[in-house]
Amino acid sequence: MPKRRTLMQAAAAAAVTAAAGPARAAPPFFKLYLMIPNNQPARMIWGTLAAQQMSRIGIDVVSSFVPFTVIAPRRSRGEGKPHPDGGWDCYLERYYYNAIKPTPNTLFHSRLMPPGGENYYYVNDPQIDASLDAISNTRDDAERGAAYKAFQKRWTEVEPLTILFYPQDVIAVNPKLKGFDATTFNPVFFPQPEKWTIEGAGRNATAAFASWAPPASLIPMYTTGYNESNIFGPVYNRLYEYESWENKKLIPSLATGHTVSNDGRTWVISLRQGVKWHSGEEFTAADVKFTWDTILNAAYGSQLRAGLLAVLGGTENYKVSSKYEVTVTLPAYNMLFLDWALGALAMMPEHAYKDLRPESLRGHTASTWLGTYAVKTSDGKSFTARGGVGTGPWIPQGYDPARKAYKYARNPNYWKPHTGNVTTFYIVNIQGTDSVLSALKAGEIDAHDPMYDIGPQVSTIDPAWGKVQAFDSFKWQHICYNLKHPVFGTGVDTPLGRQDPARAAEAAAYIRRAISHAMPREQIVKEIAGGYGEPGVVPMPWSAPEYDHDALKPIAYDLGLSRQYMEKAGYEF
């Protein structure tokens with residue numbers, strides 16, 4: 001299979017490059033460092049193709065294959081430095097919002113710059129900000145719909161990032177596995193082995209799920225990808241959760257419901273009684289306050305801080321109103337409170353984490369799952385934790401370095417019933433598409449996350465050992481730009497920007513548009529992604545109701561037009 005895979009990659013790259021047409025010689029106008037994550041084979045192919053296409057329009061591209069653990073620190077420092085100075089220029093990414101309801105507010109608002117926010121790209125556009133504020137703050141569905149359209153329209157005018165395509169998630173599972181009915185989606189969908197049944201395995205089945213990239217941290221507020229939420233997700237709960245991937249309906253979880261004032265600002269959240277943390281301590285409103293307090297505390301360095309601060313306004317705006325009730329007074333109505341703060345943020349245990357210092361939390365066993373630590377409960381007892389402490393259906397049993405696996409035991413005191421027969425569960429780090437399919441064929445795993453991108457290899461999977469399932473991923477693949485970069489970010493070092501500083505941002509937008517038109521999206525989907533996807537335009541899920549299908553048209557692949565945009569920025573071929 002490895003040899004066949006190598007030949008397939010070479011053939012796919014050659015086919016798309018051939019479709020792109022012959023190159024025209026051009027002087028290198030500027031240098032761009034492109035980081036390509038090495039955890040998805042097909043992305044490595046279209047990343048290489050993207051670099052080749054950029055070179056066709058006069059850009060000197062230095063590309064490298066790196067793990068995302070190299071990219072994340074560079075983009076998260078919040079300094080905006082270019083790649084040679086320890087920052088970054090450009091990288092490829094598969095992304096999604098932290099809620100099923102599209103929330104571009106959490107990624108692209110200028111208030112959410114790193115290190116405290118997730119606008120890693122430094123998008124800073126007043127018109128985009130205005131549309132995002134309207135999306136967040138209106139309670140009128142028609143007004144919100146118009147704001148979504150305004151966001152998408154402005155995006156196509158300046159193209160802060162190059163959206164390549166909307167992928168489908170293709171996953172192969174053990175044919176004997178029942179109950180696997182969703183893709184993974186950070187941080188609100190993850191393996192749910194409490195629903196899994198392995199046919200013929202009896203009442204105490206063991207199951208395993210493969211995840212490619214190792215995590216940087218398993219504390220929920222530090223998540224950078226679903227390779228991490230896949231692991232911590234089964235351990236924790238949120239106040240609201242999604243009923244299913246099919247209907248994507250938000251329903252109460254640790255909360256039982258809420259009331260909201262007529263102006264949308266005052267929320268009273270009722271909590272589920274009798275829920276126990278894995279330690280045996282009861283879940284209460286104090287844990288909700290602790291979770292929000294910790295995220296908002298700058299000393300902990302959570303990348304969710306800026307987003308939560310924008311919603312809540314500050315710690316003075318929420319309080320414990322009873323043991324099982326939290327009262328929140330928002331500075332203004334914000335849709336993100338329900339769809340993101342209540343529906344996406346995992347609750348953390350005050351009694352277990354309150355004494356963990358900010359500087360030590362990321363390296364603590366609660367984050368690494370290496371070793372053990374004692375958790376004291378209010379009744380004087382002690383619980384030995386081997387990872388995170390949650391209210392979820394699975395209790396961490398630590399990390400096995402020899403197996404490269406995270407182990408879980410079924411939580412016998414979970415507040416919801418387990419409907420499957422799995423009682424022991426593993427998440428195994430396996431690198432490589434060929435390796436994960438080999439493990440599935442050998443019976444070593446039962447399912448895997450979508451990062452293995454098995455779409456191009458579906459024809460090689462025998463139904464006897466692999467059942468192929470495809471899901472609408474609700475994600476997109478894009479080329480990210482550091483929008484503080486002096487050439488394609490701010491434009492101050494472009495010929496046009498130097499000649500007329502007032503037009504520098506315009507020049508940078510011309511360069512990004514040139515790159516966009518140099519990307520053969522349809523061929524990428526057809527020849528590299530195995531046909532699983534749609535060409536990209538804006539960062540909005542293709543099948544989401546908010547996607548403006550009437551106004552958005554495919555972005556033409558046109559190298560001639562690309563060169564024209566480079567010339568608009570002042571470059572001469």
Side-chain angles (χ1 to χ4, degrees), residues 39-40 94 169-199 201 204-215 218 220 223 225-236 242 244-245 346 369 386-388 390 392-411 414 418-454 457 461 465-471 473 475:
N39 64 344
Q40 196 179 34
R94 178 189 184 100
D169 285 347
V170 187
I171 299 167
V173 305
N174 174 1
K176 295 181 179 180
L177 170 61
K178 308 299 179 184
F180 186 94
D181 58 3
T183 185
T184 54
F185 189 94
N186 174 52
V188 297
F189 278 95
F190 32 76
Q192 296 178 311
E194 66 274 13
K195 298 180 178 180
W196 293 10
T197 294
I198 309 293
E199 291 185 338
N204 296 300
T206 296
F209 181 88
S211 180
W212 187 316
L218 295 175
T223 178
Y226 52 83
N227 62 305
E228 293 164 337
S229 62
N230 282 344
I231 301 171
F232 73 67
V235 175
Y236 297 91
Y242 289 95
S244 70
W245 181 254
W369 294 25
R386 293 175 172 82
W394 297 91
I395 302 174
Q397 301 299 298
Y399 177 73
D400 182 349
R403 188 171 178 174
K404 295 183 179 179
Y406 296 87
K407 184 179 180 180
Y408 307 73
R410 176 188 283 199
N411 178 6
Y414 188 44
H418 290 253
T419 57
N421 66 352
V422 175
T423 57
T424 302
F425 177 62
Y426 292 91
I427 288 189
V428 188
N429 283 132
I430 297 176
Q431 296 190 356
T433 302
D434 294 319
S435 296
V436 82
L437 291 179
S438 294
L440 181 65
K441 184 176 182 179
E444 297 169 0
I445 63 169
D446 298 284
H448 59 84
D449 76 17
M451 291 302 293
Y452 294 95
D453 193 54
I454 69 167
Q457 293 210 61
I461 299 173
W465 55 263
K467 178 184 177 182
V468 176
Q469 296 179 275
F471 301 94
S473 73
K475 308 178 182 90

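Values below: all heavy atoms of this structure, side chains included; hydrogens, waters and symmetry mates excluded. Note that the structure is a prediction, hence the values are computed from the model and not measured.
In plain terms, the two heavy atoms of P393 and P234 that are nearest each other are CD-O, 3.2 Å. Scanning all heavy atoms of the two residues, the minimum distance from K178 to P175 falls at NZ-O, 3.7 Å. Contact between G420 and T197 at its shortest, heavy atoms only, is CA-OG1, 3.5 Å. Of all heavy-atom pairs spanning A182 and F189, the tightest one is CB-CD2, 4.1 Å. Counting all heavy atoms, side chain and backbone alike, G388 lies closest to P396 at O-CG, 3.3 Å. Considering every non-hydrogen atom in both A213 and N429, the closest pair reads O-ND2, 3.6 Å.
Taken to the nearest 0.5 Å, the OG atom of S211 stands 4.5 Å off from the CG atom of D449. The OG atom of S473 sits 10.0 Å away from the CD1 atom of I171 when rounded to the nearest 0.5 Å. N174 CG to I198 CD1: the interatomic distance, rounded to the nearest 0.5 Å, is 5.5 Å. Of the inter-residue distances, the one linking T433 atom OG1 with M451 atom CE reads 10.0 Å to the nearest 0.5 angstrom.
Considering W196, W394, F425 as possible partners of H418, the one that fulfils the ring-ring contact (aromatic ring centres under 6.0 Å, His included) test is W394. When each of Y399, F209, W369 is tested with I231 by the rule side-chain contact (heavy atoms from CB on, under 4.5 Å), just one qualifies, namely W369. Exactly one of E444, R403, K404 qualifies for a side-chain contact (heavy atoms from CB on, under 4.5 Å) with Y426. That residue is R403. L440 pairs with exactly one of I445, I454, I461 by the side-chain contact (heavy atoms from CB on, under 4.5 Å) rule, that one being I445.
A donor-acceptor contact shorter than 3.5 Å links the side chain of R410 to the backbone of V422. Not a single donor-acceptor pair under 3.5 Å links the side chain of Y452 to the backbone N or O of L437. In terms of modelled atom types and a separation under 3.5 Å, the side chain of Q397 and the main chain of I395 share a donor-acceptor contact. Looking at N230, its side chain never comes within 3.5 Å of a backbone N or O of F190 through a donor-acceptor pair. Listed for the N411 side chain is a donor-acceptor partner under 3.5 Å among the backbone atoms of G392. The backbone N or O of W245 lies less than 3.5 Å from no partner atom in the side chain of D181, so there is not a single donor-acceptor pair. For D446 (side chain) and A208 (main-chain N/O), a donor-acceptor pair under 3.5 Å exists by modelled atom type.
Residue K176 places its NZ atom among 12 or fewer non-hydrogen atoms of other residues, nucleotides or ligands, all under 6.0 Å distant.
Side-chain contact between I430 and H448: absent, with no pair of heavy atoms (C-beta onward) separated by less than 4.5 Å. No side-chain heavy atom of D400 sits under 4.5 Å from any side-chain heavy atom of K407. Contact check for V235 versus Y408: side-chain heavy atoms found under the 4.5 Å cut-off. Annotation: side chain of N227 is not in contact with side chain of P214 (no heavy-atom distance under 4.5 Å).
Cation-pi contact between K467 and F180: absent, since separation from the ring centre below 6.0 Å together with deviation from the ring axis within 45° is not met.
Counted by atom type alone, D434 and Q457 present one or more donor-acceptor pairs between their side chains at under 3.5 Å.
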